[in-house]
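Remember, it's a predicted structure, so these values are computed and weren't measured experimentally. For ligands, and for the atoms within them, numbers begin at 1 and follow the listed sequence. Position 1 is the first residue of the sequence, and the numbers go up from there.
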Amino acid sequence: MTNPSVPHTLDRLAATIAARKGADPESSWTAKLLAKGPEKCAEKFGEEAIEAIIEAVKGDRAKLASEAADVLYHLLVMLAARDVPLADVLAELDRRDGTSGIVEKAARG
Ligand SMILES: N=c1c2ncn([C@@H]3O[C@H](COP(=O)(O)OP(=O)(O)OP(=O)(O)O)[C@@H](O)[C@H]3O)c2ncn1[C@@H]1O[C@H](COP(=O)(O)O)[C@@H](O)[C@H]1O
């Protein structure tokens, strides 16, 4: 089932994160993280991904949904830290739409 609010939610969050660049790290978690640099943002993304993996293995769906939200947020922060627009990621997903992963893998040779 498609969720028409997904692009809106991610777009809004990406815009909020972009607006935090250079903001006061005392009043914004995003600004605090971005001020620490792309490496720290990447590290934090990895930690959040591991927390989501743990919940996926355990099978607690509510906790997995919560951890997945952390993953998406920290993914957007990591992208912002390297000036990669969300639109670029979505365009790449659109480009892949309709190409089976199995076919794509076989074409790599
Ligand atoms: N979606 C999020 C979001 N998800 C998680 N987090 C924060 O990410 C942090 C990570 O929590 P952790 O417990 O894993 O990290 P930690 O507290 O450092 O703990 P350890 O590293 O010690 O384990 C927490 O402070 C969470 O509040 C988020 N902070 C902000 N947002 C969004 O970003 C917007 C802007 O937030 P600010 O930049 O803080 O204004 C908010 O309105 C939200 O929409």
Practice task
Starting from atom 16 (P) of ligand 1, find the nearest protein heavy-atom neighbour and note its residue, name and distance.
Solution key: Lys44 NZ, 3.9 Å

Handout entry: Protein heavy atom at shortest distance from atom 33 (O) of ligand 1
Key =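 Checked against all protein heavy atoms, atom 33 (O) of ligand 1 sits closest to Tyr73 CE1, 3.4 Å.
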
Handout entry: For Thr16, the ligand 1 atoms whose distance to one of its heavy atoms is below 4.0 Å
Key =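 Those atoms are 34 (C), 35 (C).
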
Handout entry: Asp70: numbered ligand 1 atoms lying under 4.0 Å from its heavy atoms
Key = 4 (N), 5 (C)

Exercise for the section: Please lay out, stage by stage, how Asp60 and Leu64 fare under the test side chain to side chain contact (heavy atoms under 4.5 Å, CB included). Expected result: CA-CA 6 Å; Asp60 184 324; Leu64 175 56; over 6 Å; no

Practice task
Tell me, please: is Lys32 in heavy-atom contact with ligand 1, that is, under 4.0 Å?
Solution key: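 So Lys32 does not count as touching ligand 1.
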
Exercise for the section: Determine whether more than 12 heavy atoms belonging to other residues, nucleotides or ligands lie under 6.0 Å from atom CD1 of Ile102. Expected result: no

Problem - Within 6.0 angstrom of Glu92 CD, more than 12 heavy atoms from elsewhere - result: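 Counting neighbours around CD of Glu92, more than 12 heavy atoms of other residues, nucleotides or ligands fall under 6.0 Å, so yes.
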
Handout entry: Minimum non-hydrogen distance to atom 14 (O) of ligand 1, winning option of Glu51, His74, Glu48
Key = Glu48

Exercise for the section: Counting heavy atoms only, name the option from Arg12, Glu43, Arg20 that's nearest to atom 35 (C) of ligand 1. Expected result: Arg20

Practice task
Check whether Tyr73 and Val84 end up in the same hydrophobic cluster, where Ile, Leu, Val, Met, Phe, Trp and Tyr are linked by side-chain heavy atoms less than 4.5 Å apart.
Solution key: yes

Taking only Lys NZ, Arg NE, NH1 and NH2, and the carboxylate oxygens of Asp or Glu, determine whether [X] and [Y] approach each other closer than 4.0 Å.
{"X": "Lys63", "Y": "Glu67", "answer": "no"}
{"X": "Glu39", "Y": "Arg82", "answer": "yes"}
{"X": "Lys21", "Y": "Asp83", "answer": "yes"}

Just to confirm, does any protein heavy atom lie below 4.0 Å from [atom]?
{"atom": "atom 26 (C) of ligand 1", "value": "no"}
{"atom": "atom 37 (P) of ligand 1", "value": "yes"}
{"atom": "atom 40 (O) of ligand 1", "value": "yes"}

Completion exercise
Any heavy atom of Leu13 under 4.0 Å from ligand 1? The part involved is side chain

Fill in the blank from the handout: Any heavy atom of Trp29 under 4.0 Å from ligand 1? The part involved is both

Practice task
Could you tell me whether Glu47 and ligand 1 have an N or O pair separated by under 3.5 Å?
Solution key: no

Handout entry: Exam field: side chain Thr16 to backbone Arg12, donor-acceptor pair closer than 3.5 Å
Key =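 Confirmed, Thr16 side chain pairs with Arg12 backbone.
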
Problem - Side-chain donor or acceptor of Ser27 paired with backbone N/O of Asp24 under 3.5 Å - result: yes

